[in-house]
Protein chains: 2
Amino acid sequence: MKGQAQSPALNGSAGYRMRGLQGRLIDALGEAIVSGRFQPGETLPRELELMAEYQVSRSSLREVLKVLGAKGLIETRQKLGTRVRRQDLWNLFDADVLAWHQRQGRGELILQDLIELRQVIEPAAARLAAGRAGMSDLRNLERSIATMRQSADDLTAYAAADVEFHMAIFTASHNVLFARLAHIVADFLQISFQIQQKALNDEDNRILDDIEGHQHVFDAINRGDGNGAAEHMLAVILNGKTSLFRAMGEPADPREEPGTSRPSGAKQKPRGS
Amino acid sequence: MKGQAQSPALNGSAGYRMRGLQGRLIDALGEAIVSGRFQPGETLPRELELMAEYQVSRSSLREVLKVLGAKGLIETRQKLGTRVRRQDLWNLFDADVLAWHQRQGRGELILQDLIELRQVIEPAAARLAAGRAGMSDLRNLERSIATMRQSADDLTAYAAADVEFHMAIFTASHNVLFARLAHIVADFLQISFQIQQKALNDEDNRILDDIEGHQHVFDAINRGDGNGAAEHMLAVILNGKTSLFRAMGEPADPREEPGTSRPSGAKQKPRGS
DNA sequence: GCCCAGGCAAAAGTATGACGAAAGATCGAG
DNA sequence: CTCGATCTTTCGTCATACTTTTGCCTGGGC
């Protein structure tokens with residue numbers, strides 16, 4: 001399970017299989033919606049047309065639409081048809097929705113928002129962990145760091161151990177909502193590693209710093225030092241952030257324009273194909 | 001309650017309608033799973049049996065199962081049947097899943113975890129808002145506070161305005177992930193208000209303090225003071241937390257918190273000078 | 001005795017056609 | 001011009017049949 005394929009759609013987070021007719025259709029339609037091919041507010045083709053376009057039966061199509069509806073992407077009502085919902089209603093904390101964004105241009109935007117979230121969440125999780133970690137939590141953390149040390153030359157193994165460490169922190173926080181975020185962060189980390197793999201190769205002494213950073217987090221948790229744990233965790237994330245941005249060849253500059261709402265401007269797209 | 005006018009969490013967040021046969025079945029099965037009637041790892045009855053038990057056709061049942069699968073509750077594979085997934089794979093950031101927890105005993109547990117999350121997220125969102133809020137954001141915030149002031153005697157209107165304020169903060173952070181959390185927090189706040197309605201009635205001078213707290217948050221954002229915004233937001237949340245716990249007649253903190261018996265705002269991120 | 005290949009069967013996956021229900025659109029009565 | 005009954009479109013639900021996947025069992029080979 002640990003070494004699951006790095007297939008683009010990080011499966012394992014959704015309760016359905018990505019393979020098969022329906023799975024592919026979920027993927028295709030989800031990505032089409034996220035990509036903006038179907039804009040929010042727009043009503044996408046009726047069931048009959050979709051059946052024809054994607055060559056599936058009504059049952060399969062409807063099950064697909066139900067899934068997308070459960071993820072908050074669409075909303076379907078009788079007589080009105082199926083409409084794409086406002087973007088802030090999409091369930092962004094869903095691995096699939098995240099992955100669809102990832103495969104579009106917006107991926108990097110989400111990535112930055114995710115980093116901001118991590119900067120806030122993970123120090124807090126570490127702080128909680130410092131006060132609540134049990135024996136098994138500490139053992140998991142220790143083991144992850146040990147694996148990181150041992151596999152400083154094997155980047156794949158290193159990445160896996162790193163992911164394990166961060167997930168163990170969330171688990172040790174004993175807060176189910178934080179624990180849920182762990183999986184989101186884990187997916188994020190896997191994407192990050194894919195991006196910065198080359199950068200890490202270039203200067204792998206950074207890995208040693210990284211390990212030390214993780215060690216400091218663990219030490220703080222181990223002695224119940226919540227503030228210390230939070231601080232060191234923040235440092236770890238910020239380090240990862242800078243090296244990630246370097247690998248992306250992007251300025252570590254956050255967004256500059258907060259997205260001015262343009263009421264007009266969007267000319268109506270013609271219906272049909 | 002059947003009143004769907006402002007039925008809190010249930011509809012509005014999911015892309016499907018809660019009414020109708022399927023909606024009811026989604027609700028019933030989801031709640032049954034969350035309640036533990038079907039334990040994680042356990043495989044629930046096959047489609048034929050479920051059809052018989054709930055008196056629905058196979059198509060409807062399968063669409064229901066697809067929804068629950070999309071929310072991460074279950075996982076269905078050929079030949080094996082439908083299994084309940086590990087709890088940490090459930091999509092807790094889904095309004096329905098949260099509502100199902102709410103309707104069980106676990107509701108209060110989640111409530112506490114949610115408060116912890118808010119203590120971390122909302123100050124951060126306020127901090128971001130201080131740096132990014134645009135004109136329309138500030139106007140929305142101002143309007144919410146004004147409405148709060150005007151409706152200090154009408155608790156329902158007050159609650160609505162309060163929710164609006166917190167959502168406006170998230171929006172002003174211009175981070176889509178935070179914006180997504182806004183809806184979760186909004187649902188939480190509505191539940192909170194239902195619980196503490198009587199408590200607020202008892203001593204409604206607390207409302208005035210509450211308003212002042214919100215005003216301070218706005219002022220800080222308005223002058224671009226990130227740290228100030230974060231601190232005041234934390235204060236607002238902690239105030240709400242204590243009054244909520246008082247209303248629930250529960251001990252304020254069953255769990256041990258790491259040295260935050262008196263949560264001083266001093267642990268904020270150190271900012272250069 | 002262990003292991004792998006192949007077939008069996010059970011359950012989900014897919015397809016089709018029909019009817020029911022909701023809700024926007026239309027048009028006539030007042 | 002307003003109101004409301006009716007119409008019509010589209011999703012909601014149902015029933016049934018067929019296909020595909022996959023766990024499991026059987027049996028032969030090493």
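Labels below follow one simple rule: chain letters A, B, ... track the order of the sequence lines, proteins then strands, and each chain is numbered from 1.
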Undergrad: Mind calculating the distance between CG (B:Leu80) and C1' (C:dG13) to the nearest angstrom?
TA: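 That distance rounds to 14 Å.
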
Undergrad: Give a yes/no answer on whether the side chain of B:Thr76 brings an N or O atom under 4.0 Å of OP1 or OP2 in C:dG13.
TA: yes

Undergrad: How many whole angstroms separate atom CD of B:Glu49 from atom C1' of C:dA12?
TA: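 Between C1' of C:dA12 and CD of B:Glu49: 14 Å.
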
Undergrad: How long is the line joining CD of B:Glu47 and C1' of C:dA10, in whole Å?
TA: 12 Å

Undergrad: Is it true that B:Glu42 and B:Arg83 make a salt bridge, defined as a side-chain N closer than 4.0 Å to a carboxylate O?
TA: no

Undergrad: Go along nucleotides 14-19 of chain C 5' to 3' and tag each nucleotide: B for a protein heavy atom under 4.0 Å from its base, S when only backbone or sugar atoms are that close, - otherwise.
TA: BBB-B-

Undergrad: Between atom CZ in B:Arg24 and atom P in C:dA21, what is the gap in whole Å?
TA: 13 Å

Undergrad: Can B:Asp137 and B:His174 be counted as having a side-chain donor-acceptor contact under 3.5 angstrom?
TA: yes

Undergrad: If you measure from the Lys or Arg side-chain nitrogens to the Asp or Glu carboxylate oxygens, is any gap between A:Glu49 and A:Arg46 under 4.0 Å?
TA: yes

Undergrad: Can A:Asp113 and A:Arg118 be counted as an ion pair, charged N to O under 4.0 angstrom?
TA: no

Undergrad: With salt bridge (Lys or Arg N to Asp or Glu O under 4.0 Å) as the criterion, how do B:Asp88 and A:Arg180 come out once you've worked through the C-alpha distance, each side chain's angles and the decisive distance to 0.1 Å?
TA: CA-CA 6 Å; B:Asp88 62 318; A:Arg180 178 67 197 123; over 6 Å; no

Undergrad: Does B:Lys79 make a side-chain donor-acceptor contact with the base of D:dT21, cut-off 3.5 Å?
TA: no

Undergrad: Any side-chain N or O of A:Arg77 less than 4.0 Å from the OP1 or OP2 oxygen of D:dC11?
TA: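 Looking at the OP1 and OP2 atoms of D:dC11, neither is under 4.0 Å from any side-chain N or O of A:Arg77.
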
Undergrad: So, A:Asp162 versus A:His166: side-chain donor-acceptor pair below 3.5 Å or not?
TA: yes

Undergrad: Decide yes or no on salt bridge (Lys or Arg N to Asp or Glu O under 4.0 Å) for A:Arg103 and A:Asp27, but give the supporting numbers first.
TA: CA-CA 11 Å; A:Arg103 278 190 258 155; A:Asp27 216 40; 3.1 Å; yes

Undergrad: Rounded to whole Å, how long is the line connecting atom CG of A:Leu61 with atom C1' of D:dT10?
TA: 13 Å

Undergrad: Would you kindly give the CZ-to-P distance between B:Arg83 and D:dT22, to the nearest whole Å?
TA: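 Spelled out: CZ on B:Arg83 to P on D:dT22 is 13 Å.
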
Undergrad: Hey, does B:Leu48 reach any base, or is it just sugar-phosphate, or nothing, if we go heavy atoms under 4.0 Å?
TA: nothing

Undergrad: Expressed in angstrom and rounded to an integer, what is the separation of A:Arg46 atom CZ from D:dT10 atom C1'?
TA: 8 Å

